[in-house]
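Here the structure is laid out as structure tokens; the discussion comes afterwards.
Remember, it's 1-based here, ligands and their atoms both numbered in the order they're listed.
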Amino acid sequence: MKRHYFDYAAATPLDVAVEKAMKPYGSKVFGNPGSLHSFGQEASAAVFEARDAIAKSLGCHYSEIIFTGSATEANNLALRGVVKAALKAGIKNPRIITSQIEHDSVLDTCRDLEKEGVEVIYLPVNADGMMDLEKMESELDERTVLVSVMYANNEIGVIQPIAEIAEIVRNFRSKNPKASYPLFHTDAVQGFNYLNCKADALGADLLTLSAQKIYGPKGAGLLYAKKNTSLAPIITGGGQERGFRSGTENVSGIIGFAKAVEVADRLREKENKRLAILQKYFLAKLKKVLPQAKLNGGEKNRLPNNINIYVPPKADEKGTAQDLVINLDLSGFAVSPGSACSARTCSPSHVLKALGHSDIRAISSIRITFGRQTDKQSADSLLKTISNLK
Ligand code: PLP
């Protein structure tokens, strides 16, 4: 049976060029980049080159890149690191503003920080998944140390106007007596393949990326932290990454990350156009073959690779998306019930709930995400199989 993958928001396959670039950094170049001898220096030079190449892609300085073990860790470093530094600087009762549709690595970190006395404002979104910028602006106050809003949502692909949000935060900051706050962080993990992530275009102080979502290896993430951003480490030890993230560098992962960034930069425009056409085609055909299905999140301001649909259960079905996901898998199609991180449980998606949808809708929706290997033929086969199962 031919298998078709439609879960690129959860994981992407390693690009062949990435795999090739990483190969020497296992048994051949294996030194610890912290070692003084030539084995170590060889590895250290390779990490530096990769850091510099990623910095060039983001339009920043290499010293503004902090490699981490995942995007989850980078988000933790952004949130916890800013709060820690603010507390150290004497800011009492720090406050964070975020949205209700963030990835769990942000939301759960916020919930944990609340237990430590940090106030967190979870801003709502409208039915299309867009944040109300006036509301966000009205929530900014002198205690706000961080605003964290994701670039593109991992479940519904909705894109927030990050440059505008950054500007609002910057304007407020310029009037704030504690002039270094609030800072602005964006989780750009799902955006990098398709959107402009240049530091100056976005204006974020902190930005998270993950290699595994851009056809790079798992276990490699990064936090861009603009020069002079007040950040404290959350992992201490050997002082790697300029003291912001101790732990021996994942050399092959970092090399693969840089190559993945290079390839993504090269393919971005072309893939954007190709997948936008495919997305439009898929949605139009879906209306015909499965008229009862409804798109979750607005059609505008959406990543070109994301389709998240409510497929109402039939009268004789219990109705969770898991049944459909399993039946599709048995037919050779990999899709996701909501976000990858909630695939193990079947509680209603917090993102779909934030859009104002019912528990039934939030539990009976599937996420279909396209990628470099998705073509019209495989999209047609998926549509045919869904309509046969429903
Ligand atoms: N942020 C977003 C938007 C994501 O989609 C994900 C993963 O799905 C993460 C963060 C966490 O990434 P990782 O599992 O690589 O830590």
Legend entry - Heavy-atom nearest option to atom 4 (C) of ligand 1, drawn from His103, Glu155, Glu102, Met150: His103

Inset, instruction - Return yes if some donor-acceptor pair links the side-chain N/O of Asn193 with the main-chain N/O of Lys213 below 3.5 Å, else return no. - result: yes

Legend entry - Asp187 neighbourhood, listing ligand 1 atoms whose heavy-atom distance to it stays under 4.0 Å: 1 (N), 2 (C), 3 (C), 10 (C)

Inset, instruction - Would you mind telling me which of Thr186, Asn75, Asn76, Asp187 makes a side chain to side chain donor-acceptor pair (under 3.5 Å) with Thr208? - result: Asn75

Legend entry - Within-cut-off N or O pair, Glu73 and ligand 1, under 3.5 Å: no

Legend entry - Donor-acceptor pair, side chain of Arg95 and main chain of Val120, under 3.5 angstrom: no

Inset, instruction - Check each heavy atom of Lys213 against ligand 1 and say whether those closer than 4.0 Å belong to the side chain, the backbone, both or neither. - result: side chain

Legend entry - Donor-acceptor contact below 3.5 Å, side chain Thr12 vs main chain Gln212: yes

Inset, instruction - Go through the side-chain N and O atoms of Arg361 and Asn296 and say whether any donor and acceptor fall under 3.5 Å apart. - result: yes

Inset, instruction - Number the atoms of ligand 1 from 1 as they appear, then name those within less than 4.0 Å of a heavy atom of Ser105, with their elements. - result: 10 (C)

Legend entry - Between Ser349 and Glu155: side-chain donor-acceptor atoms closer than 3.5 Å: yes

Legend entry - Contact atoms of ligand 1, heavy-atom distance to Ser210 under 4.0 Å: 15 (O)

Inset, instruction - Just go through Thr72, Thr68, Ile101 and tell me whose heavy atom is the nearest to atom 11 (C) of ligand 1. - result: Thr72

